[in-house]
Each structure stands twice: as C-alpha cells, then as structure tokens.
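As structure tokens, the structure follows; a few thoughts come after it.
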Amino acid sequence: MKNKQTFVATLKIKTDEGDFLARYSPAGLARLDFPEAASRKSGVGSKGLATPVRRWHELTTRAVRLALQGRPMAAKPPVDLSHGTAFQRKVWAALLAIPSGQTKTYARLAASLKKPKAARAVGGACGANPVPLLIPCHRVVAAHGGLGGFSGGLHWKRKLLGREQARRQ
DNA sequence: CCACACTATTTAA
DNA sequence: TTAAATAGTGTGG
C-alpha cells in the first residue's frame with residue numbers, strides 16, 4: 001500500500017512529556033507523533049476549522065495525557081486507519097483489545113490472528129502503527145521477556161509499561 | 001531482492 | 001548444556 005494521506009489539520013498536544021503532534025484526516029485522527037519526532041516536523045495550525053477536528057482534538061489530548069499516566073483511556077477520537085493493509089488493521093484491532101497494564105507477545109498476537117508464524121509480520125504492523133498510545137503498540141513485547149522495539153524510541157515503551165504495570169491489579 | 005519491533009526449531013560444539 | 005543458523009510471514013524500500 002502506498003496511498004498518501006491528506007491532512008486537514010496538524011495540532012500540538014501539550015503534555016508534561018513534551019508536545020505531541022496530532023494529524024487529522026477528514027475521517028479522524030490519522031497520525032500521532034512523539035515530541036522528538038514532532039519537533040523535526042514543525043507543527044502547523046488549525047485555524048478556524050468548522051470540522052469535527054476541534055472535538056477530536058480534545059478527545060485526543062485527554063486520551064494522550066491519560067496514556068502517559070498509564071491509566072485507561074476513557075474516550076478516544078475516531079482513528080483513520082485507511083492507510084493500513086488488511087493485516088495491519090487486524091493487528092491494530094487486536095492491540096486495542098489489550099487491557100491497560102497487560103502485555104502480549106508478538107507470537108501470541110500472531111496466533112490470535114490465526115497466523116501463528118507471522119510474529120515478525122506483526123512486529124512490522126506494530127511499527128507501521130500511525131497512532132501510538134491510543135493504539136497500544138507498547139504493550140507488545142518479545143517472547144522471551146525482551147522489550148522488542150519501538151518506533152518513537154524505546155524509552156517511551158519502557159516508561160509507559162512501567163507506569164501501567166505499577167497500576168496493574 | 002533484501003531487511004525488519006519475531007520466534008520455534010534445528011544443528012553444531 | 002549453550003550458541004548459532006534458519007524457515008516462515010507481511011510490508012516496504
């Protein structure tokens with residue numbers, strides 16, 4: 001898949017960890033970047049958008065802040081996954097089903113998709129996840145206790161998991 | 001074609 | 001026993 005996406009807005013999300021960057025397509029939140037990546041790409045503005053973007057952004061902001069605290073997100077904005085392939089969307093849907101404070105291995109996730117040997121492909125799909133935090137790709141770990149990788153920087157993965165597991169029941 | 005955010009298996013020491 | 005090579009997978013360069 002190589003479709004480009006058009007964004008109707010690019011907005012900052014201020015948090016204690018820095019300013020995240022949220023990009024919206026007409027269908028919803030299409031991409032979320034960590035502060036480090038966001039600073040490279042300099043934010044744009046929203047202007048007087050009459051679209052639902054304003055409301056989406058409120059939801060996104062709240063969800064991101066909760067995620068950074070390792071708390072379950074009360075509500076999420078609609079997420080535009082049109083960029084993803086069928087396989088990737090299945091992976092992302094499976095990610096959404098992982099409760100806060102729990103982790104799953106790439107292998108188990110692959111197995112739940114009826115493709116027990118596609119663990120590596122699952123890793124690829126996780127890396128292609130356009131919306132980290134809201135789609136909890138950080139809750140997927142390697143089979144033998146390793147953390148695996150993380151597109152936005154492994155330190156985020158460690159931080160998020162640490163906070164979530166500190167709250168785990 | 002190759003390289004991966006993988007991993008179970010196999011093969012060698 | 002432990003260590004290294006390998007196959008199987010979907011996607012993107």
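Throughout, protein chains are lettered first and strands after them, A, B, ... in sequence-line order, and every chain is numbered starting at 1.
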Roughly how many Å apart are B:dC2 and C:dT6, using the C1' atom of each and rounding to a whole number?
16 Å
Who does C:dT2 pair with, Watson-Crick or G-U, both distances under 3.5 Å?
B:dA12
Verify same cluster id: A:L66, A:V79 (apolar side-chain graph, 4.5 Å)
yes
Path from A:M73 to A:L133 over hydrophobic side-chain contacts below 4.5 Å
yes
A:Q88 side chain, from C-beta outward: closest of C:dG12, B:dC4, B:dA5
C:dG12
Integer angstrom distance from the P of B:dC1 to that of C:dA7:
14 Å
Find the distance A:L147:CG to B:dC6:P and express it as a whole number of Å.
12 Å
Between CZ of A:R120 and P of B:dC4 the distance, given in whole Å, is 8 Å
Quote, to the nearest angstrom, the P distance that separates B:dA3 from C:dA5.
15 Å
Under-4.0 Å side-chain N/O to phosphate OP1/OP2 contact, A:K115 with C:dG10:
yes
Can you see if the side chain of A:T85 gets near the phosphate of C:dT11 - specifically, an N or O under 4.0 Å from OP1 or OP2?
yes
Shortest non-hydrogen contact from A:K157 to A:G149?
NZ-O, 3.1 Å
Atom pair distance, as rounded to whole Å: CG in A:L154 and C1' in B:dA5
9 Å
Nucleotide B:dA5, atom P - distance to CD1 of A:I135 in whole Å:
20 Å
Using whole Å, report how far CG of A:L109 lies from P of C:dT9.
17 Å
Does C:dT9 have a Watson-Crick or wobble partner in any strand here, with both distances under 3.5 angstrom, and which is it?
none
Just checking A:Y106: base, sugar-phosphate only, or nothing, at a heavy-atom cut-off of under 4.0 Å?
base
Starting from the 5' end of DNA chain C, give me the residue, A:K117 or A:A128, whose nearest nucleotide shows up first.
A:K117
How close do A:L134 and A:L96 get, heavy atom to heavy atom, and via which atoms?
O-CD2, 3.4 Å
Quick check on the hydrophobic clustering: are A:V8 and A:L59 connected, directly or via other members, by side-chain heavy-atom contacts under 4.5 Å?
no
Using 30° and 60° as the class boundaries, would you call the ring planes of A:H57 and A:Y24 parallel, tilted or perpendicular?
perpendicular
The side chain of A:A121 is closest to which nucleotide in this list: C:dT11, B:dT7, C:dT9?
C:dT9
Rounded to whole Å, how long is the line connecting atom CH2 of A:W92 with atom P of B:dA5?
17 Å
On a whole-Å scale, what distance lies between the C1' atoms belonging to C:dT11 and B:dA8?
22 Å
As a test of reading the structure: which of B:dA5, C:dG10, B:dT7 is closest to the side chain of A:F87, going by heavy atoms?
C:dG10
For A:G124, which contact category applies under a 4.0 Å heavy-atom criterion: base, sugar-phosphate, or nothing?
nothing
Interatomic distance, A:R108 CZ vs B:dA5 C1' [rounded to whole Å]
18 Å
